[in-house]
Amino acid sequence: MRLNHLSGLAGAVALTAIVAAAGPSWAQQQAPMLDALVESGELPPVEERLPANPLVVEPVESIGTYGGTWRSALRGSGDTGWISRTLNYDGLVRYNREWNEIIPNLAQSWEANDDGTEYTFHLREGLKWSDGKPFTSEDIAFAVELVQHPDYPVGGTFMTDPNNPMSAEVVDETTFKFIFERPKGLLLDELASVNGITVVSLQKDYCGQFFPGVNENADQLAQDEGYDNWAFMMEDKCAWGQELERWANPDLPFMNAWVISEPWTANASQVVFERNPYYWKVDPEGNQLPYIDRLTMRVSESTEEITLMALNGEIDFSDRHITTVANQPIFFDGQEQGNYRLGKEVYAFSNTTVLQLNFNHPDEAMRELIHNKDFRIGLSHGINRQEIIDAVYTSQGEPYQVAPRPESQFYDEEMAKQYTEYDPELAIEHLEAAGLTETNSQGIRLMENGEPLTLTIDVISALRPEWIDVLELIQLQLEDVGVDVEINNIDRALFYDKRPGGDFDAQIWQGDGGLDVIQEPRYYFPANGESVWAFQWQAWYNGTDPQIASEPADWAKKQMELYDELKASPEAEDRNALMEEILAIAKEQFPVIGIGLFPDGYYIAKNNLRNVPDQMSQAWLFPTPAPYDPHQWYYADAGE
């Protein structure tokens, strides 16, 4: 199967004809838990809460029934990603469940000008925030203004791109424009990813009271409540990054299916979300979604505790933290006792383990060595990938470099398999070609400055415990060819802090860009802040930190020029051709080293949880399970 992930403008133009029907002809229904609120007058009738043309969601299996609580868990105080993946995927547009088309969502239609510098969006008429107030074009324009303010505490992705400034223009209550200085061919991809949420998450009526652009007394209000200025207050009330704060404020309005009822505070033992009575989606029979009443997420510092919860049947759905290769046999054997099932997930990751040598190393001798392609090839041939796959991944996967997956339209077998053969003699040949011809008394190769070659590799075992096992095997294997490897297990904060200064030899991460090749090219060229192997080159490219930026090699500059052209191109066919050129250069230069193709993963779901697909794709930019519409999941016995 080849996945052709729709990218940007061409898809947008094709979808301008997709407009929801002029309104439902059925009698709309609501969840029983809302009946008393409507009867008391605290809540308007359902037909007044829904837009004129609600989005109709086709169930995976069948029309559901209302009720029940979806139980899951958060690992520690920083696990905001799980919330994003479960309930926070309701942007202007979205990907379909097959991840091959961008489809309407809050925006019922859109069109773009010929060069991709101006996009006009049309919202559904009558949309409402979770507090019942209208969701309009003014909210979009406010979000852009707020995020672009230099004192706003969180970045805004496409809204704050220094290389392509943009503005928002209100046409009328349901129509607005995004206007860019330069063509923005990938705008729809950004809006359809997890990064497209910020622009629809900052209600002008609520957040505007803390912003001097709306409320001239915002600073005084902040000081009255004990803040130094409005920006600090905004960080608590309306900051919209990956921080805990956005889930700690139950007053913040949402457009999601569930809204905060028990916030995520520093000492919280659980976080609870309840149905949004103004949610704007229905099933084909007119039943307002979601079917499930509430979500509870236990906050735990222990993956062992979460694993035990799942084995005991106390997790209704999860594919995070505990669904590891090592745990799979345990979960498989425990299905009957825990009354759950395992489903299949196909990861977008290209690789289980990416070895990123630091091209911007501060030590000149080490930097020159890392830039030597023979050195990188020598390391690659010195790694016994099959041994690692057999021992660590229970023989799942195959030797693989960092390259598009076989399911991708960009798949290149030569790129995926080059230098993956385990051949110590060939490894030594390339290492010696890189100038490592002498060894010390311990058999460790000497660099040209006479220093023994020691590679210290940073790793976060708390993120993926199996990485320590992988590195311990690599350590033994490379020792056989004269390379000393030291494993540096550190926490995530320090792992990131070391990048700007280049204070590391190498770091380990997983291989993004296996399916989301255009959207996540971090390993193919120095594209973004996750291109750790050339962090200072990407700073030069993105203009993000002039103090650390360094001029890239000519081949990387050429890739950057091609990607700039790709981002500006209005046609998907042209973008694909440009990406192939970028990949061809990456194949030739071989900047990072991979270990194995990421094997298929799995999820855990209770047997009575229905409308969950048997197979899902898994990525961050396609934040599974949210694209599979958990608002149409239901419990088969909820009404009993």
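On a predicted model such as this, the values are computed, not experimentally measured, just so you know. Heads up: numbering here begins at 1 and tracks the sequence.
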Margin query: Strictly distance-based, threshold 3.5 Å: is any side-chain N or O of Asp374 a donor or acceptor partner for the main-chain N or O of Glu432?
Written below: no
Next item on the list: Applying side-chain hydrogen bond (donor to acceptor under 3.5 Å, both in side chains), run through Glu368 and Asn372 and close with a yes or a no.
Entry: CA-CA 6 Å; Glu368 288 183 2; Asn372 191 311; over 6 Å; no
Note to self: To the closest 0.5 Å, what do you measure between CG (Leu146) and OH (Tyr152)?
What the structure shows: 5.0 Å
Margin query: Using 0.5 Å steps for rounding, measure from the CD atom of Gln270 to the OG atom of Ser72.
Written below: 10.5 Å
Note to self: Would you compute the distance between atom CG of Asp423 and atom OG of Ser380 and round it to the nearest 0.5 angstrom?
What the structure shows: 11.0 Å
Next item on the list: Please round to the nearest 0.5 Å and tell me the distance separating atom CD of Glu421 and atom CD of Gln386.
Entry: 13.0 Å
Checklist line | Those residues that, when tested against Arg499, pass side chain to side chain donor-acceptor pair (under 3.5 Å) (two or more places apart) | finding: Gln507, Glu530
Item checked: side-chain hydrogen bond (donor to acceptor under 3.5 Å, both in side chains) contacts touching residues 444-456 (sequence neighbours left out) -> Thr454-Asp484
Next item on the list: Kindly indicate, with the supporting measurements, whether the criterion side-chain hydrogen bond (donor to acceptor under 3.5 Å, both in side chains) is fulfilled by Glu387 and Gln477.
Entry: CA-CA 10 Å; Glu387 181 181 38; Gln477 294 162 3; 2.7 Å; yes
Checklist line | With sequence neighbours excluded, residues passing side-chain contact (heavy atoms from CB on, under 4.5 Å) with Thr353 | finding: Tyr393, Trp467, Val470, Ile508, Ile595
Next item on the list: Name the orientation class of the two ring planes belonging to Phe158 and Phe180 (parallel below 30°, tilted from 30 to 60°, perpendicular beyond 60°).
Entry: tilted
Notebook entry, point to check: Of all residues at least two apart in sequence or in a different chain, which pass the side chain to side chain donor-acceptor pair (under 3.5 Å) check with Asp545?
Noted result: none
Item checked: Aromatic ring pairing Trp533/Phe359, orientation class (parallel under 30°, perpendicular over 60°, tilted between) -> perpendicular
Item checked: Distance (rounded to the nearest 0.5 Å) between Ile604 CD1 and Ile322 CD1 -> 4.0 Å
Next item on the list: Would you name the heavy atoms of Tyr400 and Asn351 that are closest together and state the gap between them?
Entry: O-ND2, 2.8 Å
Check: Judged by atom type as modelled, is there a donor-acceptor pair below 3.5 Å linking the side chain of Ser350 to the main-chain atoms of Gly513?
Finding: no
Notebook entry, point to check: When you look at Tyr541 and Asn528, which way does the side-chain hydrogen bond (donor to acceptor under 3.5 Å, both in side chains) test go after all the steps?
Noted result: CA-CA 8 Å; Tyr541 172 56; Asn528 54 50; over 6 Å; no
Check: Counting distance only, does the side-chain N/O of Tyr602 pair as donor-acceptor with the main-chain N or O of Thr324 below 3.5 Å?
Finding: yes
Margin query: Looking at Ser461 and Val459, would you say the former's side chain and the latter's main chain have a donor-acceptor pair under 3.5 Å?
Written below: no
Item checked: Listed partners of His149 passing side chain to side chain donor-acceptor pair (under 3.5 Å), at least two apart -> none
Next item on the list: Mark yes or no for whether Arg464, through its side chain, and Thr352, through its backbone, hold a donor-acceptor pair below 3.5 Å.
Entry: no
Checklist line | Polar contact flag, side-chain donor to acceptor under 3.5 angstrom, Glu305-Ser300 | finding: yes
Notebook entry, point to check: Taking Lys587 as the fixed residue, which of Glu580, Glu581, Glu413, Glu414 is the one that meets the salt bridge (Lys or Arg N to Asp or Glu O under 4.0 Å) rule?
Noted result: Glu414
Check: With sequence neighbours excluded, what pairs up with Asp319 under the side chain to side chain donor-acceptor pair (under 3.5 Å) test?
Finding: Gln618
Notebook entry, point to check: Nearest heavy-atom pair of Trp264 and Val299: which atoms, and what distance?
Noted result: NE1-CG2, 3.9 Å
Checklist line | Distance-minimising heavy-atom pair for Ala427 and Gly378 | finding: CB-O, 3.2 Å
Note to self: Using every non-hydrogen atom in the two residues, find where Pro399 and Lys417 come nearest and quote the distance to one decimal.
What the structure shows: O-NZ, 2.7 Å
Check: For the residue pair Phe349 and Phe598, does the interplanar ring angle fall in the parallel (under 30°), tilted (30 to 60°) or perpendicular (over 60°) class?
Finding: tilted
Checklist line | Donor-acceptor pair, side chain of Asn164 and main chain of Arg182, under 3.5 angstrom | finding: yes
Notebook entry, point to check: Can you name the closest pair of heavy atoms from Trp82 and Ala73 and give their distance?
Noted result: CD1-O, 3.7 Å
